[in-house]
Amino acid sequence: QVQLMESGGGSVQAGGSLRLSCVASGVTYIRRCLAWFRQAPGKEREGVADINDLGNSRYADSVKGRFTITRDNANRMLYLQLNSLKPEDTGVYYCAALAPRGRCHILSPDLFGYWGQGTQVTVSS
C-alpha cells in the first residue's frame with residue numbers, strides 16, 4: 001500500500017525559510033522518483049522539484065537557487081527546503097510519487113500517481 005503525508009507548512013514573511021517533509025510509505029518502486037508540486041487558489045498545479053533514487057534532481061526555474069529537494073531512502077523521507085521565500089510561493093504544497101510507467105524529471109502532474117494531502121505555505125510581504 002502507498003501513503004504520502006506532508007508536514008512543515010506554515011506562515012512566514014518574505015525572505016524567510018521553511019522546510020517541508022513527506023513520508024512516502026509503500027513498496028520501493030514507488031519511491032524511484034519523488035516530487036514536490038504546489039497549487040495556488042485559481043491556478044493549475046505546478047511542479048516544483050523532483051528527485052530520483054540516485055539523488056539527481058530537477059527544479060522549476062522559478063525556485064532554482066532558493067529551494068532544495070533531498071531524500072532519505074532509509075527513512076522513506078522526502079524534504080523540500082524553501083529559502084528566500086516570496087509571496088508568489090504561497091500555495092498548497094504536495095509530495096507525489098511517479099506512476100509505474102512514468103519518467104522522472106518531467107515534472108508533469110499527469111505522470112504522478114500517488115499524492116499526499118498537501119500542506120499550506122503562506123508567504124506575506
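Computed over heavy atoms, backbone and side chain alike; hydrogens, waters and symmetry mates excluded.
To the nearest 0.5 Å, atoms SG (Cys104) and CG (Asn52) are separated by 5.0 Å. One distance of note links CZ of Arg45 with CG of Asp110; it measures 11.0 Å at 0.5 Å rounding. Interatomic distance, Ser108 OG to Glu46 CD, rounded to the nearest 0.5 Å: 12.5 Å. The CG atom of Asp89 lies 7.0 Å from the OG atom of Ser62; values are rounded to the nearest 0.5 Å.
When atom types are taken as modelled, the side chain of Arg76 and the backbone of Ser25 share no donor-acceptor pair closer than 3.5 angstrom. Of the possible polar contacts, none joining the Asp50 side chain to the Leu34 backbone as a donor-acceptor pair under 3.5 Å is found. Here the side chain of Ser57 pairs no donor or acceptor atom with the backbone of Ile69 at under 3.5 angstrom. With hydrogens and angles disregarded, no donor-acceptor distance shorter than 3.5 Å links the side chain of Arg38 to the backbone of Tyr94. With hydrogens and angles disregarded, a donor-acceptor distance shorter than 3.5 Å links the side chain of Arg32 to the backbone of Pro100. In this structure, Asn75 contributes its side chain and Asp72 its backbone to no donor-acceptor pair below 3.5 Å. In this structure, the side chain of Arg71 does not engage the main chain of Met77 through any donor-acceptor pair within 3.5 Å. No donor-acceptor pair closer than 3.5 Å links the side chain of Trp36 to the backbone N or O of Leu78. For Thr119 (side chain) and Gly9 (main-chain N/O), a donor-acceptor pair under 3.5 Å exists by modelled atom type.
The same ILVMFWY cluster, assembled from side-chain heavy atoms under 4.5 Å apart, contains both Val12 and Phe67. Val23 and Ile30 are assigned to two separate hydrophobic clusters, defined by single-linkage of ILVMFWY side chains at heavy-atom distances under 4.5 Å.
Applying the ring-ring contact (aromatic ring centres under 6.0 Å, His included) criterion to Phe37, with sequence neighbours excluded, gives Phe112, Trp115.
Contact detail for Asp53 and Arg31: the closest heavy-atom pair is OD1-O, 2.8 Å. A pairwise comparison of heavy atoms in Leu85 and Leu18 identifies CD1-N, 4.0 Å as the closest pair. Scanning all heavy atoms of the two residues, the minimum distance from Gln120 to Thr122 falls at NE2-OG1, 3.3 Å. Between Gly47 and Leu107, the shortest heavy-atom contact is CA-CD2, 4.0 Å. Nearest heavy-atom pair across Val48 and Tyr93 is CG2-CE2, 4.3 Å. Scanning all heavy atoms of the two residues, the minimum distance from Ala14 to Ser125 falls at CB-CA, 4.4 Å.
The existence of a salt bridge linking Asp61 and Lys64 is confirmed by a sub-4.0 Å separation between a basic side-chain nitrogen and an acidic carboxylate oxygen.
For the pair Glu6 and Leu20, the minimum side-chain heavy-atom distance is 4.5 Å or more.
Within the structure, side chain to side chain donor-acceptor pair (under 3.5 Å) pairs that include any residue of residues 10-20 comprise Ser17-Asn83 (at least two apart or interchain).
More than 12 heavy atoms of other residues, nucleotides or ligands sit less than 6.0 Å from atom CD of Gln117.
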